[in-house]
Undergrad: 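The structure that follows is given in the form of structure tokens.
Keep in mind the model is a prediction, meaning the values are calculated, not measured. Order of appearance sets the numbers: ligands from 1, and atoms from 1 within every ligand.
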Amino acid sequence: MTKTVYIKTVGCQMNVLDSEMVIADLKRHGYTVVDSPGEADLLLYNTCSIREQAEEKTYSALGKLKETKARHPEKTIGVMGCMAQKDQETIFRRAPFVDMVVGPGQLHAIPDMLTKVTSGEGRQMAVSLGRKDGKQTVVARSHETFDPLRDPTMRPTPFQAYLRIQIGCDKFCTYCVVPNTRGPEQGRSPEEIVSEARVLAEQGALEITLLGQTVNSYRHRGPDGETDMAGLLERLHDIDGLKRIKFVTNYPKDMTARLLETIRDLPKVSPYLHVPAQSGSDAVLKRMKRGYTIADYMEMFERIETILPEASVSSDFIVGFCGETDEDFQKSVKLIERCRFKNSFIFQYSVREGTKAAANLIDDVPREVKAARNNELLAVQDRISKEDNQKLIGDTVEVLVEGPSKKADRSDPDAPVVQMTGRTICDRIVVFDGNRRQAGQLMDIQIDDVSSHTLIGRVKTVEVVSLGMPG
Ligand code: SAH
Ligand code: SF4
Ligand code: F3S
């Protein structure tokens, strides 16, 4: 008998990819995917720990399952992802009806755990080792993920796929849980990455996005020497069928001239660089232990402008980090104005248990001040994004069409013309009136109008020059 699974995914692209892997694995074990928890035999929650709010939302969603489980004890409830690794037993304590807790490095264990749960062996937990629970190599192995299983049906679109090239993080920014939840930084072998990229291309992926917490720090030492990010991009570029290669997230200190020149010289590689600055103040960056100053960041930024002038650069900022004064905050405003990022993701600082900041620094910026700074920074970024987008009016951009836009989804499913959405190679979102069959095509779109987040255009029609009939 087939069983059904419902999966809810929050957090970053790593989690989206992990959910795809888990579903591919479960399908091999006879499961089919359903869209609502009510229809599912197995309910999986793929969680994120980056901020307290993300965790509290998950606990509140889990809380609502108490009654479901009381009425249907045969249903299995599993919590996976970063919160599973971070909270472990706490999840069973706060939500005693949960049957499985699985860290992101243990996802391969899910089918076995399910067998145990359904055969009455009680609740199951599989988590990776803590950073200090053993030798570095043993800890690292316990965080390795099971990447080769790919399932195109679980992707947001069949022609776009994520590919993990790096596991974990060793930067230990003082605010961040990721080095604990995802373990030590490890570059996967280039052979494994290239063969997985080939599988993706054969499955119809036109665009792959390489994932790593500090993706440009990628390094792998093998029998033939060391491969860095530039070397890896060169190898991936040769794969037939792939049209675009993107990568996130970059670490400012590792944005070398060699890497930028490689991006410039390889036409399939996207010149979109997400390189979070986090703050515009040296004092704050030091307390965050980011490992660079604003002078270093600007030097990197100028290197990008010189080598890759067509690049679009985006950033993340944390507002209200411990000890951030108004003056510090204004330096973040100034940095956005100097760099004119394509866009920035702005986060209000939230204390995370187990981090250096939680142990050593005081979360002293009031909630209202964090919220006000968040709004101010967003307004500055939105104004700049809009101004820079306006410069693109009248231009023609190449768009990989992803599918109907959110607006189109609500309209008549049989309508011949719907609003379609896609992205440029620089990651700019473009909407235009088209038809559903255009999904997966690369199309030229002429830009007529813009907002701060979107370019609005129309399909560029090729001018047909009539030569007239001879004679
Ligand atoms: N590895 C990436 C980002 C990972 S987390 C990098 O280093 O850039 C994504 C973003 O969440 C971070 O860039 C940061 O801006 C934000 N973030 C991380 N921890 C946070 C915390 N404790 N409070 C608020 N924002 C946080
Ligand atoms: Fe977290 Fe810093 Fe690592 Fe990014 S680089 S995942 S912010 S510790
Ligand atoms: Fe969240 Fe883990 Fe990603 S904490 S942002 S899901 S790496």
Undergrad: Quick one: which ligand 3 atoms are inside 4.0 Å of a heavy atom on C12?
TA: 3 (Fe), 5 (S), 6 (S), 7 (S)
Undergrad: Do other residues, nucleotides or ligands put more than 12 heavy atoms under 6.0 Å from the NZ atom of K27?
TA: yes
Undergrad: Ignoring hydrogens and angles, tell me if any N or O in the side chain of T76 forms a donor-acceptor pair with the backbone of L42 under 3.5 Å.
TA: no
Undergrad: Does ligand 3 have any atom sitting under 4.0 Å from a heavy atom of S49?
TA: yes
Undergrad: At what distance is the nearest protein heavy atom to atom 7 (S) of ligand 2, and which residue and atom is it?
TA: Y175 OH, 3.3 Å
Undergrad: Can you name the atoms of ligand 1, numbered from 1 with element, that are less than 4.0 Å from a heavy atom of P276?
TA: 8 (O)
Undergrad: Short list, please: which atoms of ligand 3 are under 4.0 Å from a heavy atom of I50?
TA: 4 (S)
Undergrad: What is the ring orientation for F345 with F347, classed by angle as parallel under 30°, tilted 30 to 60°, or perpendicular over 60°?
TA: tilted
Undergrad: Is there a heavy atom of R182 sitting under 4.0 angstrom from any atom of ligand 3?
TA: yes
Undergrad: Any idea how Y292 and Y251 line up, ring-wise: parallel (<30°), tilted (30 to 60°), or perpendicular (>60°)?
TA: perpendicular
Undergrad: Could you check M229, R235, H237 and say which one makes a side-chain contact (heavy atoms from CB on, under 4.5 Å) with L233?
TA: M229
Undergrad: Minimum heavy-atom separation for E39 to K75, with atom names?
TA: C-NZ, 4.3 Å
Undergrad: Give a yes or no answer on whether the side chain of N216 reaches the backbone of L259 with a donor-acceptor pair at less than 3.5 Å.
TA: no
Undergrad: Specify side chain, backbone, both or neither for R290, according to which of its non-hydrogen atoms lie closer than 4.0 Å to ligand 2.
TA: side chain
Undergrad: Work out whether the distance between some heavy atom of Q213 and some atom of ligand 3 is less than 4.0 Å.
TA: yes
Undergrad: Among protein heavy atoms, which sits nearest to atom 19 (N) of ligand 1, and what does the distance come to when rounded to 0.1 Å?
TA: Y175 CD1, 3.2 Å
Undergrad: Would you mind telling me if ligand 2 is within reach of the side chain of T249, the backbone, both or neither, using heavy atoms under 4.0 Å?
TA: neither
Undergrad: Can you confirm whether L206 sits close enough to L242 that some side-chain heavy atom of one is under 4.5 Å from a side-chain heavy atom of the other?
TA: no
Undergrad: Near R51, which atoms of ligand 1 are under 4.0 Å from a heavy atom of that residue?
TA: 23 (N), 24 (C), 25 (N)
Undergrad: Of the backbone and side-chain N, O or S atoms of C173, does one lie nearer to atom 2 (Fe) of ligand 2 than 2.8 Å?
TA: yes
Undergrad: Quick one: look at P276 and ligand 2, take heavy-atom pairs under 4.0 Å, and tell me if it's side chain, backbone, both or neither.
TA: neither
Undergrad: Taking side chain as C-beta onward, heavy atoms only, is T209 less than 4.5 Å from L163?
TA: no
Undergrad: Closer than 4.0 Å to some heavy atom of Q213 - which atoms of ligand 1 meet that?
TA: 1 (N), 2 (C), 4 (C), 6 (C)
Undergrad: For the residue pair Q160 / E402, report whether a side-chain donor-acceptor contact shorter than 3.5 Å exists.
TA: yes
Undergrad: Can you tell me if, anywhere in C82, an N/O/S atom lies at a distance from atom 3 (Fe) of ligand 3 that is smaller than 2.8 Å?
TA: no
Undergrad: How does R352 reach ligand 1, by side chain, by backbone, by both or by neither, if only non-hydrogen atoms under 4.0 Å count?
TA: side chain
Undergrad: May I ask you to identify the nearest protein heavy atom to atom 6 (S) of ligand 3, giving residue, atom name and distance to one decimal place in Å?
TA: N15 ND2, 3.3 Å
Undergrad: Under 4.0 Å, heavy atoms only, figure out whether ligand 1 is touched by the backbone of Y349, its side chain, both or neither.
TA: both
Undergrad: Taking it one step at a time, do Q85 and T181 satisfy side chain to side chain donor-acceptor pair (under 3.5 Å)?
TA: CA-CA 6 Å; Q85 179 64 35; T181 61; over 6 Å; no
Undergrad: Nearest protein heavy-atom contact for atom 25 (N) of ligand 1: which residue, which atom, what distance?
TA: F347 CB, 3.3 Å
Undergrad: Is a side-chain donor or acceptor of D316 paired with a backbone partner of Q278 at a separation under 3.5 angstrom?
TA: no
Undergrad: Closest by any non-hydrogen atom to atom 26 (C) of ligand 1: pick that one out of V319, I346, I318.
TA: I318
Undergrad: Can you list the steps and then say if E196 with R188 is a salt bridge (Lys or Arg N to Asp or Glu O under 4.0 Å)?
TA: CA-CA 11 Å; E196 198 177 334; R188 293 178 66 211; 2.9 Å; yes
Undergrad: For atom 1 (Fe) of ligand 3, what is the nearest protein heavy atom, given as residue, atom name and distance?
TA: C48 SG, 2.3 Å
Undergrad: Quick one: nearest non-hydrogen protein atom to atom 1 (Fe) of ligand 2, plus distance?
TA: C176 SG, 2.3 Å
Undergrad: Just going by heavy-atom distances, which of D363, T355, V177, D316 is nearest to atom 9 (C) of ligand 1?
TA: D316
Undergrad: Considering V275, V248, I50, which one's heavy-atom position lies nearest to atom 18 (C) of ligand 1?
TA: I50
Undergrad: In terms of atom number and element, which parts of ligand 1 are under 4.0 angstrom from non-hydrogen atoms of R290?
TA: 7 (O)
Undergrad: Which protein heavy atom lies closest to atom 23 (N) of ligand 1, and at what distance to 0.1 Å?
TA: S350 N, 3.1 Å
Undergrad: Of the protein's non-hydrogen atoms, which lies at the shortest distance from atom 3 (Fe) of ligand 2, and what is that distance?
TA: C169 SG, 2.3 Å
Undergrad: Is the Lys NZ or Arg CZ of K289 less than 6.0 Å from the centre of F172's six-membered ring, within 45° of the axis?
TA: no
Undergrad: Can Y251 be said to touch ligand 2, with heavy atoms closer than 4.0 Å?
TA: no
Undergrad: From atom 14 (C) of ligand 1, work out which of Q278, Q348, M288 has a heavy atom at the shortest distance.
TA: Q278
Undergrad: For R423, is there an ion pair with E207 - N to carboxylate O distance below 4.0 angstrom?
TA: no
Undergrad: Within less than 4.0 angstrom of ligand 1, does T214 place any heavy atom?
TA: no
